[in-house]
Amino acid sequence: MHKIKKGDIVGRISHGKDILFTVERIITKADGKQIAILKGIIIRIEADAEIEDLVLMEKHQVQSNMRSLENKLEDKIKKCAKNKVGVSKIGKRKLLGRSSEEEENGKILHLDGDKRYSDKSLRYYQKLGLNAIVRNVAENRQEYVVMDLLNRYNPDILVITGHDGMIKNGTGYNDIYNYRNSKYFINTVKEAKKWVKNTGKDLVIFAGACQSYYEALVSAGANFASSPARVLIDFMDPLVVAEKVATTEDYKYITINDIADELRDGTKGINGIGARGKKVSNMHI
């Protein structure tokens, strides 16, 4: 019998192996029981389980899930390319034969607590030709580095995400200690809003992951956040929001209704107050 260890890809027997997780670390409790801290492979959830409840997933199941993730990325990239949305950072066209117009998409700074997601997010942005900086920063470290990163890169859009989850699912919605990482996301949003106050920058913020404390994130200053219904969100959901804001003209206001159809669970997973687009146009005679 295989001994579960850090880095293994597992399923929870008690949940019908419905979600594939990677084992982040294993904790031994005072009574000798071992608890594994788990992170979702395709969805942005963090959970824990007793070792006895875990089973190593077969190679073909893991490969199937990873192909599903890759296919989602490629399908979205192809769709954007077909619609000519965000395909290049700057596009020019002639007007009346005498002038040209430069269009520049918004600049994205993306902090992600998961290294695998960070790498895939960067590839997604790059294939769309978006101007994006992605940094893999653990959820509990994001609030301490965000100010320096904002000063360094001066973005138009900030994405704060990683993994989250409710400790006691279905109860304690207003208890910040019932969320695994929401408090870190909230503190990072607050730090970003200090930067906004100091610089006067109109920064659009997305914050949260699976089952995050939506109301507190919006109250802290996020334009878009997860998860109003405390549901799971897809790996790509934050990317979809960032891309939409970055490639929408700055005279247009984006609401969740403009994005909902492209999200895993629509407004159950993500909502917010909305934001102005960040694509700017400059005329040259």
Side-chain angles (χ1 to χ4, degrees), residues 1-66 68-69 111-121 134-146 160-188 207-214 216-217 226-227 230-235 238:
M1 183 177 178
H2 179 89
K3 183 179 179 181
I4 301 296
K5 63 183 186 301
K6 180 179 177 179
D8 282 345
I9 296 177
V10 299
R12 295 176 295 181
I13 299 169
S14 61
H15 288 69
K17 299 178 284 187
D18 57 341
I19 299 171
L20 264 62
F21 294 93
T22 183
V23 177
E24 182 71 10
R25 64 185 185 277
I26 296 175
I27 300 169
T28 302
K29 298 173 67 177
D31 60 5
K33 283 189 176 181
Q34 288 191 310
I35 303 294
I37 305 301
L38 310 170
K39 291 189 175 181
I41 287 182
I42 295 179
I43 56 176
R44 291 180 173 274
I45 189 169
E46 181 175 315
D48 62 62
E50 293 185 2
I51 291 291
E52 292 76 12
D53 189 37
L54 300 178
V55 61
L56 192 69
M57 301 303 292
E58 293 183 14
K59 187 175 181 179
H60 73 89
Q61 293 172 300
V62 176
Q63 291 174 337
S64 176
N65 273 262
M66 297 311 295
S68 175
L69 179 56
L111 308 185
D112 203 315
D114 187 289
K115 180 64 166 63
R116 183 187 292 108
Y117 290 174
S118 298
D119 293 342
K120 291 187 182 298
S121 296
V134 182
R135 291 290 179 265
N136 173 219
V137 182
E139 292 86 351
N140 63 357
R141 291 289 306 158
Q142 291 174 354
E143 64 186 280
Y144 302 110
V145 304
V146 68
I160 304 162
T161 190
H163 293 276
D164 206 355
M166 298 188 74
I167 297 170
K168 295 179 181 178
N169 197 6
T171 62
Y173 291 107
N174 298 320
D175 180 2
I176 187 60
Y177 297 105
N178 194 32
Y179 298 86
R180 297 180 185 276
N181 288 317
S182 286
K183 57 183 174 290
Y184 305 127
F185 296 142
I186 291 164
N187 290 341
T188 307
C210 285
Q211 299 180 332
S212 289
Y213 194 168
Y214 167 78
L217 288 166
S226 59
S227 164
R230 305 308 191 265
V231 297
L232 307 181
I233 73 167
D234 192 86
F235 148 72

**Student:** For salt bridge (charged side-chain N to carboxylate O under 4.0 Å, His left out), just list the numbers for R44 and D112, CA-CA rounded to whole Å, side-chain angles, deciding distance to a tenth of an Å, and then say yes or no.
**Tutor:** CA-CA 10 Å; R44 291 180 173 274; D112 203 315; 2.7 Å; yes
**Student:** Any sub-3.5 Å donor-acceptor pair from T188's side-chain atoms to Y184's backbone N or O?
**Tutor:** yes
**Student:** Can you give the donor-acceptor pairs under 3.5 Å from side chains of residues 14-40 to other protein atoms, not counting sequence neighbours?
**Tutor:**
unit_1, atom_1, unit_2, atom_2, d
S14, OG, D53, OD1, 3.4
S14, OG, D53, OD2, 2.7
D31, OD1, K33, N, 3.0

**Student:** Is the side chain of D114 donor-acceptor paired with the backbone N or O of R116 at a distance under 3.5 Å, no angle test?
**Tutor:** yes
**Student:** Is there a side chain to side chain contact (heavy atoms under 4.5 Å, CB included) between N174 and Y213 once you walk through the steps?
**Tutor:** CA-CA 8 Å; N174 298 320; Y213 194 168; 3.6 Å; yes
**Student:** If we ignore hydrogens and angles and just use 3.5 Å, is the side chain of S226 paired with the main-chain N or O of A209 as donor and acceptor?
**Tutor:** yes
**Student:** Distance from R141 atom CZ to L111 atom CG, nearest 0.5 Å?
**Tutor:** 12.0 Å
**Student:** Measuring from I13:CD1 to E50:CD, what's the distance to the nearest 0.5 Å?
**Tutor:** 11.0 Å
**Student:** Nearest 0.5 angstrom please: S121 OG to N136 CG, how far?
**Tutor:** 10.0 Å
**Student:** To the nearest 0.5 Å, what is the distance between CG (L56) and CD (Q61)?
**Tutor:** 9.5 Å
**Student:** Hey, is the main chain of V137 close enough, under 3.5 Å, to the side chain of Q142 for a donor-acceptor pair?
**Tutor:** yes
**Student:** If every non-hydrogen atom of G208 is compared with every non-hydrogen atom of I233, which pair is closest and at what distance?
**Tutor:** O-CD1, 4.3 Å
**Student:** Any chance you could measure K183, atom NZ, to E143, atom CD, to the nearest 0.5 Å?
**Tutor:** 10.0 Å
**Student:** Can you name the ring pair (Phe, Tyr, Trp, His ring centres under 6.0 Å) partners of Y214, sequence neighbours left out?
**Tutor:** none
**Student:** Between D164 and S182 (side chain of the first, backbone of the second, donor and acceptor by atom type, cut-off under 3.5 Å), is there such a pair?
**Tutor:** yes
**Student:** D234 versus I42: any side-chain heavy-atom pair under 4.5 Å?
**Tutor:** yes
**Student:** My understanding is that only one of R230, Q211, E46 makes a side-chain hydrogen bond (donor to acceptor under 3.5 Å, both in side chains) with Y179; could you say which?
**Tutor:** R230
**Student:** Can you classify the ring geometry of F235 versus Y117 as parallel (below 30°), tilted (30 to 60°) or perpendicular (above 60°)?
**Tutor:** tilted
**Student:** Provide the closest heavy-atom pair for A207 versus L217 in the form atom of the first, atom of the second, distance.
**Tutor:** O-CD1, 3.6 Å
**Student:** Measure the spacing between CE of M166 and CD1 of I45 and express it to the nearest 0.5 Å.
**Tutor:** 10.5 Å
